[in-house]
Amino acid sequence: MKPLTITSRLEVYESIDEISHDIQDLMKKAVEVRENAYAPYSRFKVGAAILLENGEVVVGSNQENASYPSGLCAERTAVYAAGAQHPNIRILKIAITARSLKHKVVSPVPPCGACRQALAEYEVKQEEPIELYFMGETGKVVKAESIKDLLPLAFDNSCL
Ligand code: THU
């Protein structure tokens, strides 16, 4: 037996004010698009803003469906839009924020497992990491340098 130790390094900022202005701007776009979420079932609104290498920002919000599994998270809505509209432009960063219509979301909301898998695919595709920033409605912001920090031992094309 040989143990395999996995380490991830995340940075935690006390508030959005501690983060650089370019990330604050990206997060503001995620906050804006969060309102476009169609979330009548969960009443949980998520916004994601992706910064591309050419300076363009592609956004997404969660879109729910009466047939629950047919809905899609904000992060995948955004990353698939980026892939569909700008297939050859590198994704630099993604900012994610969530709020609930039921309570105040004060803790950072990380991307779900399926969104981590989808984001990991684009890191593999572009052979460069994607920086992630996620927060709730207010409070701490978490930064990951790469989706690999949130999804170690990812299943990717090297497994096929
Ligand atoms: N949701 C996201 O948009 N992103 C995530 O990473 C987690 C969950 C959405 C899906 C659903 O519309 C609502 O939040 C509640 O799960």
Side-chain angles (χ1 to χ4, degrees), residues 6 8-16 19 22-52 56-87 90-126 128-156:
I6 296 171
S8 285
R9 186 179 176 279
L10 303 174
E11 288 176 12
V12 182
Y13 296 85
E14 278 310 305
S15 90
I16 189 76
I19 289 202
D22 62 322
I23 302 304
Q24 288 187 18
D25 289 347
L26 193 64
M27 194 56 91
K28 274 184 203 145
K29 296 206 163 93
V31 168
E32 271 167 35
V33 75
R34 196 175 69 189
E35 291 316 297
N36 296 349
Y38 174 59
Y41 306 106
S42 71
R43 301 177 68 75
F44 191 76
K45 292 177 161 231
V46 186
I50 287 176
L51 177 66
L52 301 177
E56 277 194 53
V57 174
V58 179
V59 293
S61 58
N62 52 324
Q63 301 295 317
E64 297 184 351
N65 194 283
S67 171
Y68 293 177
S70 300
L72 197 64
C73 292
E75 297 90 325
R76 273 176 289 163
T77 304
V79 80
Y80 292 152
Q85 293 162 26
H86 309 278
R90 203 187 132 199
I91 296 170
L92 298 181
K93 304 165 202 274
I94 181 168
I96 303 158
T97 174
R99 83 174 178 101
S100 170
L101 302 181
K102 297 185 276 195
H103 63 274
K104 196 155 182 105
V105 180
V106 293
S107 301
V109 174
C112 77
C115 288
R116 294 178 200 201
Q117 182 69 31
L119 289 165
E121 183 70 28
Y122 289 88
E123 273 199 3
V124 172
K125 180 187 176 204
Q126 67 185 25
E128 293 284 349
I130 299 171
E131 254 176 46
L132 281 94
Y133 295 83
F134 54 89
M135 65 180 297
E137 197 178 338
T138 179
K140 292 184 173 138
V141 183
V142 178
K143 172 187 177 186
E145 297 273 5
S146 160
I147 190 68
K148 289 196 180 90
D149 289 314
L150 298 181
L151 189 67
L153 288 183
F155 177 88
D156 63 20

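Along the sequence shown, residues carry numbers from 1. Every value quoted in this text rests on a predicted model; they were computed, and no experiment measured them. Note that ligands are numbered from 1 as they come in the structure, with each ligand's atoms numbered from 1 the same way.
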- Item | Side chains of His103 and Val105 in contact at under 4.5 Å (non-hydrogen atoms) | yes
- Query: Hey, what do you get for NZ (Lys93) to CD1 (Ile23), rounding to the nearest 0.5 Å?
  - Reply: 4.5 Å
- Query: Using a 4.0 angstrom limit on heavy atoms, which residues are close to ligand 1?
  - Reply: Ser42, Phe44, Val46, Asn62, Glu64, Cys73, Ala74, Glu75, Pro110, Pro111, Cys112
- Do Gln63 and Thr77 have side-chain atoms, one donor and one acceptor, less than 3.5 Å apart? no
- Query: If you take all heavy atoms of Pro110 and Arg116, which pair is closest and at what distance?
  - Reply: CB-NH2, 3.5 Å
- Item | Distance in Å, Ile50 CD1 paired with Ile94 CD1, rounded so as to fall on 0.5 Å steps | 4.0 Å
- Task: Ignoring hydrogens and angles, tell me if any N or O in the side chain of Ser61 forms a donor-acceptor pair with the backbone of Ala74 under 3.5 Å.
- Result: no
